[in-house]
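Reading through the structure tokens given below for one structure.
Reminder, nothing fancy here: chain letters follow the sequence lines and each chain counts from 1.
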Amino acid sequence: MARYNPKETEPRWRKAWADAEAFKAVRDPGRPKYYVLEMFPYPSGRLHMGHVRNYSMGDVIARFKRARGFSVLHPMGWDAFGLPAENAAIERGVDPKAWTYDNIDRMRAELKELGLSIDWSREFATCDVAYYGKQQAWFLDLLERGLVYRKESVVNWDPVDQTVLANEQVVDGRGWRSGAVVEKRKLNQWAMRITGYADQLTDDLATLDRWPDKVRVMQENWIGRSKGLRFRFHFAGEGPAEGLEVYTTRPDTLFGASFVGIAADHPLAEAVAARDPRAAAFIEACRKGAATEAEIETAEKQGYDTGLKVKHPFDPSWDLPVWIANFILMDYGTGAIFACPAHDQRDLDFVHKYGLPVRPVVLPPGEDPATFAVGDEAWTGPGVIYNSRFLDGLDIEAAKAEAIRRIEAQGDGEGATVFRLRDWGVSRQRAWGCPIPVVHCGKDGVVPLPKSALPVAHPADIEFGKSGNALERHPTWKHTTCPVCGGPATRETDTLDTFVDSSWYFARFANPWADEPIGKEDADYWLPVDQYIGGIEHAVLHLLYARFVTKALADDGQLSVREPFAGLFTQGMVTHETYRRQNGEWVEPKDVELEVEGKTRRARLEGTGEPLIIGDVEKMSKSRRNTVAPEEIFDVYGVDAARLFVLSDSPAERDVQWTTGGVQGAWRFVNRVWDEFETSQPPIPGTEKTVTGDLAGNLRRQHHKLVKAVTEAIEGFRFNSAIAYLYSFLTVLKTHRPEGRVGELAFAYQDALRDFARLIAPFTPHLAEECWARIGGEGMVVAAPWPVFDPALTEDAVKVLPVQVNGKRRGEITAPAGAEQAAVEAILRADPEIGAKLEGLTIRKIIVVKDRIVNIVAA
RNA sequence: GCCGCCGUAGCUCAGUGGUAGAGCGCAUCCUUGGUAAGGCUGAGGUCGGCAGUUCAAUCCUGCCCGGCGGCACCA
């Protein structure tokens, strides 16, 4: 018998699938559609194990759904714009475009080696002019609708690299590349009005019932909707005539007010600073102190009394002081608050420092109003309002409503909803991105280009390799004419955030050849994505942006769906043990020799034998050097074994630990499966009734149970369980091998093999084809329907019932399936072993759980 | 601090209100023309702790302990 040879079989089947165009997505009105999509990769040039796992999961679903009769769309593309290409250009003097397309070629070849059931005819990269030109088209549509606008905003500016940096590119206040101290700069930036959809984005989360709760909670927190009251304080004496507007979620506690606070960069604070040097100094100190996020969070509460006073909205004779405070954020609400220290911890900390009054107005349940006092902890729980005149006796919600009603009646404000979410700044001062299709004209200002001028492509001779924006530096590209007046104008040299590129690609896949950005008819057929698969790190970035863009394009009539992803699955990462030398240097797994002695494991450096420290299990990463290259694994064990292992060892949503032993176990399974098929002999027709026996019936029952279990496990994303069932069924096959080619068992065995080949196909597709061909299956497995099970055959005719006496297992009996109480009791009485156990005991009660267990309660 | 997830064999994980399981690892033996291999058998578990509900709890409920993740001066 020959060993299974993946190097020969795997490429052969991939070619057969490609020749048959087995994965071409076709609109078929006769079948239900299913769109399965994995988050498309950044073309770094190299496939890693995380890709193997992610795309294998999508492939299992795609192959399974195809076999179940769905018309499946399973496409692939490239998230190809972005900084790594420009950095490679700067570091190595290569052209970002050439670098990116080379990487795509390499990664496409590697992905194809994985044997994924992808319709490659739909492939595109976001850096294709054919793609980003369409993006420019809908950008103009949203601009026209007012969903894109320019705004002055504060950004992180790297003075050495001459570019804006994203927040995550600022490390300890310095640019991650240049090391220069990052400056805050106000720049005119393009932004998308995602806040206009904040309510819908929150409300519609409730419709996403096939999303993980975790992601929905994260989005809800990120959008941060809060309902409250926006109102105006009137100044007592000196102060601006328009008053001071504040926002609060606790209007019920207005009678507990102690002071009014404003942010250091509030306009009023600046006005005060203009005539009060000490106020100016305080504001300056606040700005300096707030260098990093961590410092802001831990900073001590500080304030400065402006000397201004405002009147309490419900009592004009009650004055409240106005303080500038370092813990108030200018960009949330109105940048000003009223402070109720008894029921807000921040306010309490503040007044303790500055000796301002604390007036409790919410009485916690069970407390006495005469004695209740607030110490170091503010009371933020439920209670009854007191010390609050007309609000006394109300609960918190009723008091909020009443306070809002009164303020509205006075004309001082109204109930308001405020969001934490900010508009999405999409300008990037980088050349390797989608150019923004507008020009700046000295006469007409900012002018959108007409669609006939699209696409606005990059110049061919773009000069990278220096810091800053290469589009800005290009000698001729930006000089053009104004579409309105025909006079000289300059092109916008900012490009779009790459998250814009990825916020609609799933819709483009429906028809990547369409003249319009989205081929409506095809999009209406394929969307929404039925199953989206990707990492949880995009919970509030890509997944939120894509939802927003979908809604915006739907409102523009370009899409019919209002949510892009009906089902979301967030997969775990691939991890590996880490190894370090005594000097702390990380060592790659392939240079490590492991030895096991009893229960302890030791690691040595291959070659020198130097003892190594075995470290934590962590996500595979270059920095820890704990990566295993997929191609090396494919080379030794084949693609199927690698696919099988990354799906088998952990639940799909959790991390999987890569181990050599694990992949070897998968490889052994592949070989044992092949052995089973290769040594099998087809039964001789017409001989089924010649020999019968228990084995055949038993095999059929186990076989049908397997079909049921694997089907349900795949439906529920429990790939590891599905594989575990397949593993154990192999043992069943081995113990039910027929002796010859005649008799009932030979037929039952053949039937089991036929279904087994189809059940393993989503996981090990090449092996499945090879096995299928070996037993003379018709056509290819990719075109074969999914096995069905006979529910009657998934039940055993005879059940083994454990017998408990007072809850402890004391023996077992066999009973026909479905045996009722009386029948089981009869069997019990006839059983001598059970009788012995009951010697000297009085039976009080016999509990029979049908087909499961018997419990005798005795004393 | 708030929210969520997790805790079952040495490791990675299934599982169920009713007999505790798989793969890897470990041990014994067999095979030595599948051989940088294959096979048989086996050991190994107070199912994180305590209490409650129940005839019966690893599973349900409560509290506690430990690990991981997200959010966090958002008024």
Side-chain angles (χ1 to χ4, degrees), chain A residues 1-4 212-215 217-218 220-222 224-226 228-229 246-250 253 261 263 293 296-301 325-329 331-340 343-347 349-350 377 380 418-421 536-537 539-540 575 577 594 596-601 617 636 645 648-651 653-666 668-669 671-672 675 713 718 720-728 731 734 800-812 844-849 851-858:
Chain A
M1 184 186 73
R3 282 173 82 184
Y4 181 67
D213 288 343
K214 185 175 182 164
V215 176
V217 167
M218 283 167 77
E220 201 174 336
N221 289 343
W222 186 264
R225 177 162 68 186
S226 74
L229 169 68
V246 303
Y247 173 74
T248 180
T249 55
R250 294 298 301 271
T253 63
E293 293 289 325
I296 293 170
E297 280 166 27
T298 55
E300 197 188 340
K301 304 272 178 293
N326 65 342
F327 67 93
I328 298 168
L329 307 173
D331 60 357
Y332 185 81
T334 64
I337 62 160
F338 96 85
C340 175
H343 306 293
D344 184 294
Q345 192 62 45
R346 295 155 300 179
D347 299 346
D349 293 345
F350 188 87
E377 274 186 43
T380 55
V418 165
F419 298 92
R420 203 185 81 104
L421 184 70
I536 191 142
E537 66 272 20
V540 290
T575 64
E577 212 166 42
L594 289 168
V596 180
E597 211 183 275
K599 287 182 178 177
T600 56
R601 296 169 69 244
V617 175
V636 177
F645 174 56
S648 69
D649 224 33
S650 282
E653 68 275 16
R654 267 196 257 168
D655 293 352
V656 66
Q657 186 184 343
W658 183 274
T659 60
T660 308
V663 71
Q664 283 170 349
R668 247 170 256 157
F669 176 76
N671 276 286
R672 288 164 66 208
D675 182 39
R718 296 186 305 274
N720 57 328
S721 303
I723 293 167
Y725 296 131
L726 293 168
Y727 268 68
S728 47
T731 310
K734 279 176 178 297
V800 175
L801 304 183
V803 178
Q804 295 180 335
V805 178
N806 293 332
K808 302 268 188 207
R809 185 171 183 272
R810 293 290 184 234
E812 61 185 36
R844 294 225 171 121
K845 196 174 175 187
I846 296 177
I847 297 149
V848 176
V849 183
D851 293 343
R852 307 213 59 170
I853 201 164
V854 182
N855 192 15
I856 302 170
V857 185

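Whole-Å rounding puts the R250(A) CZ to A75(B) C1' distance at 11 Å. A straight line from CG of D349(A) to C1' of A75(B) spans 14 Å, rounded to a whole angstrom. Whole-Å rounding puts the R718(A) CZ to A14(B) P distance at 11 Å. For W658(A) and C24(B), the CH2 to P distance is 15 Å, given to the nearest whole Å. Put simply, CG on L329(A) is 10 Å from P on A75(B), counting in whole angstrom units. We find that CD of Q664(A) is positioned 8 Å from P of A37(B), with the value rounded to whole Å. In this structure, CG of N671(A) is placed 9 Å from P of G39(B), rounded to the nearest angstrom. Rounding to whole angstrom units, CG of residue D347(A) and P of A75(B) are separated by 12 Å.
Considering only side-chain atoms of S226(A), the nucleotide from A75(B), U12(B), C13(B) that sits closest is A75(B). Of the listed nucleotides (A75(B), C73(B), U12(B)), A75(B) has the atom at the smallest distance from the side chain of T248(A). For D675(A), the listed nucleotide lying nearest its side chain is G34(B); candidates were G34(B), A14(B), A75(B). When each of G18(B), G23(B), G15(B) is scored by its nearest atom to the side-chain atoms of N855(A), the top-ranked nucleotide is G18(B). Comparing A75(B), C13(B), C73(B) against the side chain of K301(A) picks out C73(B) as the nearest.
For G39(B), the glycosidic angle deviates from 0 by more than 90°, giving an anti base.
Atom P of G48(B) sits at a distance of 13 Å from the matching atom of A14(B), rounded to the whole Å. Rounded to the nearest Å, the gap between the C1' atom of U58(B) and that of U46(B) is 11 Å. Here, C30(B) and C47(B) have their C1' atoms 35 Å apart, quoted to the whole Å. Rounded to whole Å, the separation between the P atoms of G21(B) and G15(B) comes to 15 Å. Nucleotides G44(B) and A22(B) have their P atoms positioned 14 Å apart, rounded to a whole Å. C59(B) and G52(B) are spaced 15 Å apart, taking the C1' atom of each and rounding to whole Å. As rounded to the nearest Å, G69(B) and C50(B) have P atoms that lie 28 Å from one another. When the P atom is compared between U31(B) and G45(B), the two are found 32 Å apart, to the nearest whole Å.
Annotation: cation-pi pair K301(A)/F327(A) present, NZ/CZ under 6.0 Å from the ring centroid and within 45° of its normal.
Each of T334(A) and G665(A) lies near RNA chain B, and the nucleotide nearest G665(A) is the one positioned closer to the 5' end.
Counting only Watson-Crick and G-U wobble pairs whose two distances sit under 3.5 Å, RNA chain B takes part in these stems of three or more pairs: B:1-7 with B:65-71, B:10-13 with B:21-24, B:48-52 with B:60-64.
For the salt bridge (Lys or Arg N to Asp or Glu O under 4.0 Å) test, residues two or more places apart in sequence or in another chain that qualify with D213(A) are R216(A). Residues satisfying the side-chain hydrogen bond (donor to acceptor under 3.5 Å, both in side chains) test with N221(A), not counting sequence neighbours, are none. A search for salt bridge (Lys or Arg N to Asp or Glu O under 4.0 Å) contacts involving D347(A) returns nothing, not counting sequence neighbours. Every residue was checked against the side-chain hydrogen bond (donor to acceptor under 3.5 Å, both in side chains) condition with Q657(A), not counting sequence neighbours, and none meets it. The ring pair (Phe, Tyr, Trp, His ring centres under 6.0 Å) test applied to F669(A) returns Y727(A), not counting sequence neighbours. For Q664(A), the side-chain hydrogen bond (donor to acceptor under 3.5 Å, both in side chains) test picks out Y637(A), with sequence neighbours left out. A search for side-chain hydrogen bond (donor to acceptor under 3.5 Å, both in side chains) contacts involving Y247(A) returns S226(A), not counting sequence neighbours.
Within 4.0 Å (heavy atoms only), I723(A) reaches no atom of the nucleic acid at all.
Taking only side-chain nitrogens and oxygens, R672(A) comes nearer than 4.0 Å to OP1 or OP2 of G39(B). Between Y332(A) and A75(B) there is a side-chain polar atom (N or O) within less than 4.0 angstrom of OP1 or OP2. Neither OP1 nor OP2 of G23(B) sits under 4.0 Å from any side-chain N or O of R668(A).
Of the possible polar contacts, one joining the T575(A) side chain to the V656(A) backbone as a donor-acceptor pair under 3.5 Å is found. A distance-only check finds no donor-acceptor pair linking the side chain of R225(A) to the backbone of F419(A) [under 3.5 Å].
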Sort me out a list of protein N/O and nucleotides 66-71 of chain B N/O pairs below 3.5 Å, or just none if empty.
| unit_1 | atom_1 | unit_2 | atom_2 | d |
| --- | --- | --- | --- | --- |
| G69(B) | O2' | K214(A) | NZ | 3.2 |

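Considering every non-hydrogen atom in both R250(A) and H343(A), the closest pair reads NH1-O, 4.2 Å.
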